[in-house]
Amino acid sequence: MKEIYMSQIKKIFEMYMDIFEQEDSDYPDYRVIRPKERAIDRTLDKITDNKEEQRKIYYAIIGHLFNRGDGTYRPICDDLRALGYTVVERR
């Protein structure tokens, strides 16, 4: 069974949120954005080598960025479980 750590989910989610906030500003600072994008890629590389699987994980996480109905990580974890992953609390 494939595992994904909650810390990895949180890291990707928070870095994407930072990127979104930077890109939403009038003058986005790509010196801040590019390292965060690379960090997301490195985190996804730790989960799986398959680029298509990485894309699915990434969109499962960022797809709930503005989920107003449930402010927890539960919908993200449910989507990742649907992809066949077990969400592990501690690393």
Side-chain angles (χ1 to χ4, degrees):
M1 182 153 290
K2 304 178 282 187
E3 292 183 344
I4 187 166
Y5 296 103
M6 195 66 195
S7 61
Q8 293 170 320
I9 296 169
K10 289 178 183 178
K11 184 185 290 186
I12 292 170
F13 186 86
E14 290 169 1
M15 282 189 285
Y16 182 78
M17 189 64 151
D18 291 343
I19 290 170
F20 181 83
E21 288 173 359
Q22 268 299 320
E23 289 178 339
D24 194 42
S25 70
D26 290 336
Y27 302 102
D29 186 359
Y30 288 98
R31 295 173 298 176
V32 173
I33 294 171
R34 297 284 186 246
K36 290 184 186 286
E37 290 173 339
R38 286 192 301 271
I40 289 172
D41 290 340
R42 283 191 304 272
T43 304
L44 289 169
D45 284 339
K46 290 178 185 176
I47 299 168
T48 182
D49 293 335
N50 184 334
K51 294 297 181 188
E52 180 63 24
E53 194 71 19
Q54 287 179 3
R55 185 188 64 76
K56 290 178 184 177
I57 294 167
Y58 180 72
Y59 286 113
I61 294 172
I62 68 166
H64 294 282
L65 187 64
F66 297 107
N67 184 352
R68 302 225 184 250
D70 188 352
T72 66
Y73 287 99
R74 184 180 312 253
I76 295 171
C77 294
D78 290 343
D79 285 356
L80 291 170
R81 286 186 193 103
L83 291 174
Y85 285 89
T86 300
V87 178
V88 179
E89 193 64 34
R90 289 201 174 106
R91 183 169 197 184

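Quick caveat, the model's predicted, so the values are computed rather than measured. Here, residue 1 is the first one in the sequence, and each next residue gets the next number.
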For this session: Answer with yes or no whether the side chains of Asp41 and Gln54 bring together a donor and an acceptor at under 3.5 Å.
Result: no
Exercise. Which heavy atom of Lys36 sits nearest a heavy atom of Asp18, and at what distance?
Worked result: NZ-OD2, 3.2 Å
For this session: Please round to the nearest 0.5 Å and tell me the distance separating atom OG1 of Thr48 and atom CD1 of Ile57.
Result: 6.0 Å
Exercise. Considering all heavy atoms of both residues, which atom of Glu53 and which atom of Leu83 are nearest to each other, and what is their separation?
Worked result: OE2-O, 4.1 Å
Exercise. Going by heavy atoms in the side chains, are Phe13 and Leu65 under 4.5 Å from each other?
Worked result: yes
Exercise. For Ala60 and His64, which heavy atoms make the closest approach, and how far apart are they?
Worked result: O-CD2, 3.3 Å
Problem set entry | Met6 to Cys77 - nearest heavy-atom pair and separation | SD-SG, 3.9 Å
Problem set entry | Considering all heavy atoms, the nearest Ile47-Glu3 contact | CG2-O, 4.4 Å
Exercise. Just wondering, are more than 12 heavy atoms of other shown residues or ligands nearer than 6.0 Å to CG in Asp29?
Worked result: yes
For this session: Evaluate the side-chain proximity of Tyr85 to Ile9: yes if any heavy-atom separation is below 4.5 Å, no if none is.
Result: no
Problem set entry | Pairwise side-chain contact, Tyr58 with Leu44, heavy-atom cut-off 4.5 Å (strictly under) | yes
For this session: State, to 0.1 Å, how close Met15 and Ala39 come at their nearest heavy-atom pair, and which atoms those are.
Result: SD-CB, 3.4 Å
Exercise. Can Arg74 and Asp79 be said to form a side-chain contact (heavy atoms from CB on, under 4.5 Å), step by step?
Worked result: CA-CA 9 Å; Arg74 184 180 312 253; Asp79 285 356; over 6 Å; no
For this session: Find out if a path of hydrophobic residues (ILVMFWY) with successive side-chain heavy-atom gaps under 4.5 Å connects Phe20 to Val32.
Result: no
Exercise. Looking at CD1 of Ile61 and CD1 of Ile12, how far apart are the two atoms once the value is rounded to the nearest 0.5 Å?
Worked result: 4.0 Å
For this session: Look up atom NZ in Lys10 and atom OG1 in Thr43, then write down how far apart they are to the nearest 0.5 Å.
Result: 14.5 Å
Exercise. Is it true that atom CZ of Arg81 has more than 12 heavy atoms of other residues, nucleotides or ligands lying nearer than 6.0 Å?
Worked result: yes
